[in-house]
Asks: 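The structure under discussion is supplied below as structure tokens; questions concerning it will follow.
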Amino acid sequence: MSPHRVVHHHFTVDVEEYFQVSAMEPHVPRSAWDTLPSRVVDSTVRILDLLEAHDTRGTFFTLGWVARRHPDLVRRIAKAGHEVASHGWDHKRVTQLDPEAFRTQARDSRAILEDLSGKPVRGYRAPSFSIVPGLEWALEILAEEGYAYDSSLYPVRRRGYGFPGGGRHVHALPLEAGPLTEVPPLTIRARGFTLPAGGGGTFRQLPLAYTVRAFAAMEAEGMGGGTFYIHPWEVDPGQPRVDGVPLRTRIRHYRGLARTETRLAALLARFRFRPIAETLAAGN
Ligand SMILES: [Zn+2]
């Protein structure tokens with residue numbers, strides 16, 4: 001029997017409310033956020049239960065906004081052995097922030113998450129993967145603020161997000177401020193193109209086999225595991241529908257919610273995952 005090296009992938013969760021998704025932004029003003037029914041605790045716990053059932057630990061990129069309102073949720077995530085990382089403060093995309101505001105969000109979210117989890121926060125993921133070409137200053141700021149890795153550069157060409165030409169595997173970023181490791185979301189190569197396969201809408205709306213193929217291809221490439229992401233609202237078919245959302249957005253946001261949990265279970269049964277921080281510590 002030939003020796004077989006187990007590939008560890010990353011299971012990540014962007015911890016935010018259903019109404020904080022960027023697609024909902026034109027329809028839900030930030031000033032209304034505190035008046036809407038909160039769902040993030042219950043839906044995140046659903047994911048925690050699923051991970052526990054599969055004896056798997058992941059990385060939870062959490063908004064400072066959520067941490068302040070639901071401190072017990074952050075404590076619970078950490079206590080279950082998962083890694084707590086930052087998703088910024090209030091889900092403003094980096095394209096909407098100047099360097100000073102970005103630094104404040106990176107610093108404040110990290111402080112509250114470290115305080116609640118009792119562990120160092122090493123990782124950051126921008127809302128909607130919004131560190132796009134031209135905003136590399138954000139990466140310098142992350143390194144300056146003491147982050148060890150970023151998971152915002154989605155190496156795909158898409159309208160409104162993506163970092164075309166970025167590396168598809170975990171890699172070191174050449175920065176002036178210091179070392180920062182990039183942990184890009186999962187992609188798959190097809191006919192000369194790099195296509196998104198990291199999770200979210202792709203995971204819910206395309207056949208499960210697409211995501212499975214992407215993970216298997218990463219394993220075959222021999223450059224480490226892939227990084228998968230999901231949102232609590234994606235396992236919450238009962239979430240209140242937001243008024244005034246156009247049909248296109250409605251389809252993208254709501255389609256496939258009922259089957260997400262079953263699909264997650266299938267992935268967890270088939271592949272091995274670990275927190276991103278453990279991959280960095282292992283050096284591969
Ligand atoms: Zn997000």
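Along the sequence shown, residues are numbered consecutively beginning with 1. Note that the structure is a prediction, hence the values are computed from the model and not measured.
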Asks: Using the rule that two of Ile, Leu, Val, Met, Phe, Trp, Tyr join whenever any of their side-chain heavy atoms come within less than 4.5 Å, decide whether Phe271 and Val13 are in one cluster.
Replies: yes
Asks: Mind telling me whether His231 and Trp233 have parallel, tilted or perpendicular rings, with 30° and 60° as the class edges?
Replies: parallel
Asks: I'd like to know whether Gln239 forms a side-chain contact (heavy atoms from CB on, under 4.5 Å) with Asp236, so could you lay out the CA-CA distance, the side-chain angles of the two residues, the decisive distance to 0.1 Å, and finally the verdict.
Replies: CA-CA 6 Å; Gln239 66 192 270; Asp236 182 16; 3.5 Å; yes
Asks: If we only count heavy atoms from C-beta on, is the Ile47 to Phe11 side-chain gap below 4.5 Å?
Replies: yes
Asks: Would Val121 and Ile131 show up in the same hydrophobic cluster when neighbours are defined by side-chain heavy atoms closer than 4.5 Å?
Replies: yes
Asks: Mind checking whether Leu51 and Arg57 have side chains closer than 4.5 Å, heavy atoms only?
Replies: no
Asks: Begin with the C-alpha distance, continue with both residues' side-chain angles, and end with the deciding distance and a verdict on salt bridge (Lys or Arg N to Asp or Glu O under 4.0 Å) for Asp72 and Arg75.
Replies: CA-CA 5 Å; Asp72 282 344; Arg75 291 188 192 105; 2.5 Å; yes
Asks: Shortest non-hydrogen contact from Ala143 to Leu175?
Replies: CB-CD1, 4.1 Å
Asks: Using the salt bridge (Lys or Arg N to Asp or Glu O under 4.0 Å) criterion, which residues pair with Arg213? Sequence neighbours excluded.
Replies: none
Asks: Would Leu280 and Arg122 count as a side-chain contact (heavy atoms from CB on, under 4.5 Å) here? Give the steps.
Replies: CA-CA 10 Å; Leu280 264 66; Arg122 306 189 190 283; 5.8 Å; no
Asks: Do Phe203 and Ile188 share a hydrophobic cluster, counting only Ile, Leu, Val, Met, Phe, Trp and Tyr and linking them when any side-chain heavy atoms are less than 4.5 Å apart?
Replies: no
Asks: Looking at Tyr254, does the NZ or CZ of Arg241 lie under 6.0 angstrom from its six-membered ring centre and within 45 degrees of the ring axis?
Replies: yes
Asks: Grouping I, L, V, M, F, W and Y whenever their side-chain heavy atoms are under 4.5 Å apart, do Val235 and Phe228 come out in a common cluster?
Replies: yes
Asks: Got Leu180 and Tyr124 here, is their nearest side-chain heavy-atom distance under 4.5 Å?
Replies: no
Asks: Set out, in order, the CA-CA distance, both residues' side-chain angles and the distance that settles side-chain contact (heavy atoms from CB on, under 4.5 Å) for Leu264 and Ile230, then state yes or no.
Replies: CA-CA 9 Å; Leu264 289 176; Ile230 198 80; 4.2 Å; yes
Asks: Distance-only check: which donor-acceptor pairs under 3.5 Å involve side-chain atoms of residues 204-212, not counting sequence neighbours?
Replies:
{"from": "Arg204", "atom 1": "NE", "to": "Glu234", "atom 2": "OE2", "distance (Å)": "2.6"}
{"from": "Arg204", "atom 1": "NH1", "to": "Arg252", "atom 2": "O", "distance (Å)": "3.3"}
{"from": "Arg204", "atom 1": "NH1", "to": "His253", "atom 2": "O", "distance (Å)": "3.2"}
{"from": "Arg204", "atom 1": "NH1", "to": "Arg255", "atom 2": "O", "distance (Å)": "2.8"}
{"from": "Arg204", "atom 1": "NH2", "to": "Glu234", "atom 2": "OE2", "distance (Å)": "3.3"}
{"from": "Arg204", "atom 1": "NH2", "to": "Arg252", "atom 2": "O", "distance (Å)": "3.2"}
{"from": "Gln205", "atom 1": "OE1", "to": "Arg255", "atom 2": "NH2", "distance (Å)": "3.2"}
{"from": "Gln205", "atom 1": "NE2", "to": "Arg252", "atom 2": "O", "distance (Å)": "2.8"}
{"from": "Tyr210", "atom 1": "OH", "to": "Pro196", "atom 2": "O", "distance (Å)": "2.8"}

Asks: Can a donor-acceptor pair be found, under 3.5 Å and without considering hydrogens, that links the side chain of His9 to the backbone of Gly226?
Replies: yes
Asks: Hey, is the main chain of Phe60 close enough, under 3.5 Å, to the side chain of Thr62 for a donor-acceptor pair?
Replies: yes
Asks: Run the side-chain contact (heavy atoms from CB on, under 4.5 Å) check on Phe102 and Leu142 step by step: do they pass?
Replies: CA-CA 9 Å; Phe102 176 79; Leu142 291 175; 3.8 Å; yes
Asks: Determine whether more than 12 heavy atoms belonging to other residues, nucleotides or ligands lie under 6.0 Å from atom CE of Met24.
Replies: yes
Asks: Does the Arg250 side chain pair with the main chain of Val245, one donor and one acceptor, at a distance under 3.5 Å?
Replies: yes
Asks: Measuring centre to centre across the rings, with the benzene-like ring taken for any Trp, is Tyr154 within less than 6.0 Å of Phe163?
Replies: no
Asks: Please check this pair: side chain of Gln96 against backbone of Arg93, looking for a donor-acceptor N/O pair closer than 3.5 Å.
Replies: yes
Asks: Report yes if some heavy atom in the side chain of Arg39 is under 4.5 Å from a heavy atom in the side chain of Pro240; otherwise report no.
Replies: yes
Asks: Kindly say whether Glu52 contributes a backbone atom to a donor-acceptor pair with the side chain of Thr56 at under 3.5 angstrom?
Replies: no
Asks: I need the full list of side-chain hydrogen bond (donor to acceptor under 3.5 Å, both in side chains) pairs touching residues 220-229, with sequence neighbours left out, sorted by first then second residue.
Replies: His10-Thr227, Arg168-Glu221, His169-Glu221
Asks: Step through the shown structure and confirm whether more than 12 heavy atoms of other residues, nucleotides or ligands are within 6.0 Å of CZ on Arg270.
Replies: no
Asks: Does the plane of the ring in Tyr149 sit parallel, tilted or perpendicular to the ring in Phe61? Use 30° and 60° as the thresholds.
Replies: perpendicular
Asks: State whether a side-chain donor-acceptor pair under 3.5 Å links Thr194 with Arg189.
Replies: yes
Asks: When you measure from the side chain of Glu219 to the backbone of Ala217, do you find a donor-acceptor pair of N or O atoms at a distance under 3.5 Å?
Replies: no
Asks: Among Arg110, Glu83, Glu114, find the one that has a side-chain contact (heavy atoms from CB on, under 4.5 Å) with Pro120.
Replies: Glu114
Asks: Measuring only between side-chain heavy atoms, which start at C-beta, is Thr181 closer than 4.5 Å to Leu173?
Replies: no
Asks: Determine whether Phe215 and Val7 make a side-chain contact, defined as any pair of heavy atoms from C-beta on separated by less than 4.5 Å.
Replies: no
Asks: Regarding Arg125 and Ser151, is there a side-chain donor-to-acceptor distance under 3.5 Å anywhere?
Replies: yes
Asks: Does any part of the side chain of Thr187, heavy atoms only, come nearer than 4.5 Å to the side chain of Leu195, both counted from C-beta?
Replies: no
Asks: What about Val183 and Tyr147, same hydrophobic cluster or not, with Ile/Leu/Val/Met/Phe/Trp/Tyr joined at side-chain heavy-atom distances under 4.5 Å?
Replies: no
Asks: Within the distance-only criterion (no hydrogens, no angle test), does the side chain of Glu140 pair as donor or acceptor with the backbone N or O of Glu176 below 3.5 angstrom?
Replies: yes
Asks: Would you compute the distance between atom CD of Glu278 and atom CZ of Arg274 and round it to the nearest 0.5 angstrom?
Replies: 7.0 Å
Asks: Has Lys119 got a side-chain atom pairing as donor or acceptor with Val84's backbone, closer than 3.5 angstrom?
Replies: no
Asks: Quick one: does any side-chain atom of Glu182 pair with a main-chain N or O of Ala172 as donor and acceptor, under 3.5 Å?
Replies: no
Asks: About how many Å separate CG of Leu50 and CG of Leu267, when rounded to the nearest 0.5 Å?
Replies: 10.0 Å
Asks: Looking at every non-hydrogen atom in both residues, tell me the closest pair between Thr202 and Ala197 and how far apart they are.
Replies: CG2-CA, 4.1 Å
Asks: For the residue pair Trp33 and Trp65, does the interplanar ring angle fall in the parallel (under 30°), tilted (30 to 60°) or perpendicular (over 60°) class?
Replies: perpendicular
Asks: Is it the case that more than 12 heavy atoms not belonging to Arg157 sit under 6.0 Å from its CZ atom?
Replies: no
Asks: Do Pro133 and Pro164 make a side-chain contact, defined as non-hydrogen atoms from C-beta onward lying under 4.5 Å apart?
Replies: yes
Asks: Are the side chain of Ser130 and the backbone N or O of Ala126 linked by a donor-acceptor pair below 3.5 Å?
Replies: no
Asks: More than 12 heavy atoms of other residues, nucleotides or ligands under 6.0 Å from CG of Asp34: yes or no?
Replies: yes
Asks: Considering all heavy atoms of both residues, which atom of Leu153 and which atom of Pro185 are nearest to each other, and what is their separation?
Replies: O-CD, 3.6 Å
Asks: Does atom CZ of Arg46 have more than 12 heavy-atom neighbours, drawn from other residues, nucleotides or ligands, at distances under 6.0 Å?
Replies: yes
Asks: Over all heavy atoms of both residues, which pair between Glu17 and Val40 is shortest? Give the atoms and the distance, please.
Replies: OE1-N, 3.2 Å
Asks: Can you confirm whether Asp98 is buried at CG, in the sense that more than 12 heavy atoms of other residues, nucleotides or ligands lie under 6.0 Å from that atom?
Replies: yes
Asks: Looking at Glu144 and Ala177, what are the two nearest heavy atoms and their distance?
Replies: CG-CB, 3.5 Å
Asks: Could you grab the distance from atom CD of Gln20 to atom CG of Leu36, nearest 0.5 Å is fine?
Replies: 9.5 Å
Asks: State, to 0.1 Å, how close Ser128 and His91 come at their nearest heavy-atom pair, and which atoms those are.
Replies: OG-CE1, 4.1 Å
